[in-house]
Amino acid sequence: MKAEIHALLQQALEALANDGILEANAELNIPVERGRDDSHGDFASPIALALARSARCNPRQLAEQIVERLPSSSVIGKTEIAGPGFINFTIQNGAYQSLASEILQADTRYGTSTLGEKQRIQVEFVSANPTGPLHVGHGRGAAYGAVVANLLRATGHEVESEYYVNDAGRQMDILAASVWLRYLQRCSETLTFPANGYRGAYIQTIADELHNQHGEAFRQPAKRVLKDLPADEPDGGDKETYIDSVIERARKLLGERSYRLIHGYVLAALVEEIRDDLLDFGIGFEQWYSERSLMDSGAVTTVIERLRDAGHLYEREGALWFRSTEFDDEKDRVVVRENGQTTYFASDIAYHLDKFERGFTRVIDVWGADHHGYVPRVRAALQALQADPDRLDVLLVQFANLYRGGEKVPMSTRSGEFVTLRQLREDVGRDAARFFYVMRKSDQHLDFDLDLAKAESNENPVYYIQYAHARIASVMRQTKEKGFRWQSADSFDVTGELVEDHELVLLRRLSRYPEVVEAAALSYEPHQLAYYLRELANDFHTYYNAHIFLVDAAPLRNARLGLINATRIVLRNGLTLLGVSAPDTM
RNA sequence: GCGCCCGUAGCUCAGCUGGAUAGAGCAUCGGCCUUCUAAGCCGGCGGUCGCAGGUUCGAGUCCUGCCGGGCGCGCCA
């Protein structure tokens with residue numbers, strides 16, 4: 001309908017141009033909006049306001065001239081000029097009458113579109129370091145990324161979701177060493193745990209499993225492990241230096257093969273846990289991409305060579321630097337360290353180049369907002385490699401703070417003090433967690449009120465929407481019990497029955513759904529859909545309270561059942577996109 | 001200090017990218033169950049859109065400067 005009005009206005013403006021009243025302007029963007037207020041009709045365009053100046057006449061007069069030249073249409077019931085020069089359009093009732101049956105026929109397809117024209121888009125999200133279970137901070141990125149991917153799919157994009165596994169860095173070494181030390185303790189060796197080691201209970205669990213599978217194959221006497229190590233932090237030393245020397249000692253005593261085995265074992269255990277966590281959260285990935293594979297394949301060194309050949313690298317203080325300042329970064333960045341190791345950034349350049357080379361028309365990264373300073377250097381690298389940085393969209397997600405009993409819940413990964421995603425799910429349930437995560441704009445801090453999410457009351461917005469769905473399912477059960485029969489085709493020919501204000505409001509709302517999905521997808525803003533569903537549920541509840549659906553007159557009854565089933569479909573489709581279930585009973 | 005994000009009702013937040021009288025939920029106050037689920041509905045109260053300038057027919061929205069909050073500024077990832 002919006003497109004129809006757009007086309008009508010376009011024709012009217014062309015006619016005005018032919019009459020010499022307006023200058024012809026093919027590229028003119030004609031705004032068509034939903035009216036904010038019902039008294040403003042269904043759609044409105046401020047086009048006359050926008051053009052008044054160049055046409056040298058007052059907006060209302062111009063609006064009149066536009067309206068005079070509007071071609072006739074079966075969709076438009078009424079046009080009127082209001083306020084300073086808005087053109088308001090009211091859609092003919094008939095145009096809405098067929099909507100319910102259209103939705104019933106389209107069913108799961110209602111709201112989907114071919115807007116994306118099969119563009120291939122990659123959405124990379126979560127990508128948390130596999131150094132422990134996912135916590136609630138990761139949960140938001142997970143929920144957000146998954147819904148963005150869903151929205152893009154619904155609008156006809158070909159989407160591939162991916163998790164980038166940081167399995168090559170120092171953190172992984174610290175992790176492997178931590179597990180090994182716990183394993184040694186399990187073997188009854190006595191040693192104090194490093195200040196900078198990973199302390200979570202899951203470390204001990206993995207160490208125990210390692211012990212079960214491999215016995216004491218990796219046991220070394222504590223004395224040899226600790227011999228001549230520098231002082232740890234509690235003894236006045238530096239914890240970073242200490243942990244590095246522990247890692248070095250582990251490599252030496254175990255030998256590269258055994259060390260790799262433990263490293264790989266720990267990695268696999270954690271990745272598996274993360275994957276299971278996400279699956280239980282309703283999120284699956286098409287691709288798990290290993291950072292180490294980029295190193296093993298030589299992709300990282302290749303990309304460094306390419307940068308060097310293009311003259312973007314230089315040496316300073318023993319390290320190799322990328323001159324990212326040439327591409328608007330704040331400072332140059334190291335790609336190869338003094339010790340010869342490539343940096344995480346070097347991997348990331350290779351990774352992003354690889355994404356582009358895999359043929360995606362667009363690449364989306366969902367990152368925690370604390371990484372925002374990282375964006376310019378990645379774009380800089382892409383530019384330096386002659387790749388178009390505009391094909392990369394980095395979506396930043398602010399942190400979520402948990403509140404319990406009005407108090408902020410403190411969190412820190414290293415200390416092992418954090419609420420895991422699993423705990424959150426067990427605490428408030430998957431639906432509430434998924435909904436709460438995406439109901440705020442992603443660049444807004446999220447105050448996640450655990451008590452509220454758990455509340456089985458009207459304070460909880462998730463239940464409000466689900467309840468509307470359950471109510472409709474209940475009405476359908478009642479329909480059967482009362483001996484009425486209904487199938488969707490029964491509602492196709494009787495839609496002229498829907499004349500109540502509440503019904504028209506609901507129909508109007510349902511007609512907006514595809515626009516909402518489209519807007520939410522293109523702006524990567526799931527919260528728009530969340531708000532829409534709340535409003536739709538509200539319209540339904542109001543209707544429910546105002547009218548009985550199961551009346552004796554079959555045509556009216558069938559029309560109403562058609563309408564509420566259309567509502568059920570939209571509620572379900574929308575909730576599904578958000579990763580929230582649509583229950584039949586509550 | 002520099003960079004990015006944010007500041008809208010008592011609280012948590014929308015505001016369709018510059019349009020009409022700034023909207024929801026929660027809280028609070030009042031009303032509605034012999035009828036399809038009251039996890040619901042209807043109504044009331046509640047605002048200097050952080051402050052001050054500027055741009056224009058029009059600014060919560062864009063620009064500048066302050067004030068206040070968050071994050072970032074590693075040869076960590």
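Per chain, numbering begins at 1; letters A, B, ... match sequence-line order.
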When you measure from the side chain of [X] to the backbone N and O of [Y], does any donor-acceptor pair fall under 3.5 Å?
X	Y	value
A/H352	A/D348	yes
A/R140	A/Q398	yes
A/Y144	A/Y524	yes

(message) Tell me the closest heavy-atom pair linking A/G562 and A/S491, and the distance in Å.
(response) CA-OG, 3.1 Å

(message) Could you check whether the side chain of A/H372 and the base of B/C5 have a donor-acceptor pair of N or O atoms closer than 3.5 Å, going by distance alone?
(response) no

(request) Confirm from the modelled atom types if A/N88 and B/A20 form a donor-acceptor pair under 3.5 Å, side chain to base only. (result) yes

Take atom [atom1] in [N] and the same atom in [M], then report the distance between them in whole Å.
N	M	atom1	value
B/C32	B/G15	C1'	31 Å
B/U61	B/U17	P	15 Å
B/G65	B/A27	P	43 Å
B/U8	B/A24	C1'	12 Å
B/A52	B/C13	P	25 Å
B/C41	B/C33	C1'	11 Å
B/G30	B/G72	P	48 Å
B/C49	B/A22	P	10 Å

(message) From C-beta outward on A/Y467, which listed nucleotide comes closest to its side chain: B/A39, B/C41, B/C36?
(response) B/A39

(message) Dot-bracket for RNA chain B, please. Rules: Watson-Crick or G-U, both distances under 3.5 Å, ( ) within the strand, [ ] when a pair crosses earlier ones, | for another strand, . otherwise.
(response) (((((((..((((.....[...)))).(((((.......))))).....(((((..]....))))))))))))....

Using 4.0 Å as the upper bound for N to carboxylate O, is an ion pair formed by [Y] and [X]?
X	Y	result
A/E525	A/K441	no
A/D365	A/K355	yes
A/E503	A/R508	no
A/D329	A/R323	no

Atom [atom1] of [X] to atom [atom2] of [N]: distance rounded to whole Å?
X	N	atom1	atom2	result
A/Y531	B/G25	OH	C1'	8 Å
A/D348	B/G74	CG	C1'	16 Å
A/R60	B/A20	CZ	C1'	11 Å
A/L536	B/A24	CG	P	17 Å

Which is true for [X] with a 4.0 Å heavy-atom rule: it touches a base, it touches only sugar-phosphate, or it touches nothing?
X	answer
A/A82	base
A/F399	nothing
A/Q466	nothing
A/A319	base
A/D584	base

Verify whether one side chain among [X] and [Y] offers a donor that lies under 3.5 Å from an acceptor in the other.
X	Y	result
A/D431	A/S581	yes
A/D42	A/T90	no
A/D332	A/Y314	yes

(request) Under 4.0 Å from any atom of RNA chain B, heavy atoms only: list the residues of residues 471-488 of chain A that qualify, in numerical order. (result) A/R471, A/S474, A/V475, A/R477, A/Q478

Taking only the side-chain nitrogens and oxygens of [X], find out if one of them lies under 4.0 Å from OP1 or OP2 of [N].
X	N	result
A/K331	B/C2	no
A/H445	B/C71	no
A/Q444	B/U12	no
A/T542	B/C42	yes
A/Y464	B/C41	yes
A/K441	B/G15	yes
A/N538	B/C41	yes

(request) Indicate yes or no: at least one non-hydrogen side-chain atom of A/Y164 is less than 4.5 angstrom from one of A/Y351. (result) yes

(message) Is there aromatic stacking of A/F86 on B/A20 here, judged by a ring-centre distance under 5.5 Å and a plane angle under 30°?
(response) yes

(message) Taking the nucleotide of RNA chain B with the nearest heavy atom to each, does A/S45 or A/I548 sit closer to the 5' end?
(response) A/S45

(request) Could you say whether A/A519 or A/E33 is positioned toward the 5' end of RNA chain B, judged by the nucleotide with the nearest heavy atom to each? (result) A/A519

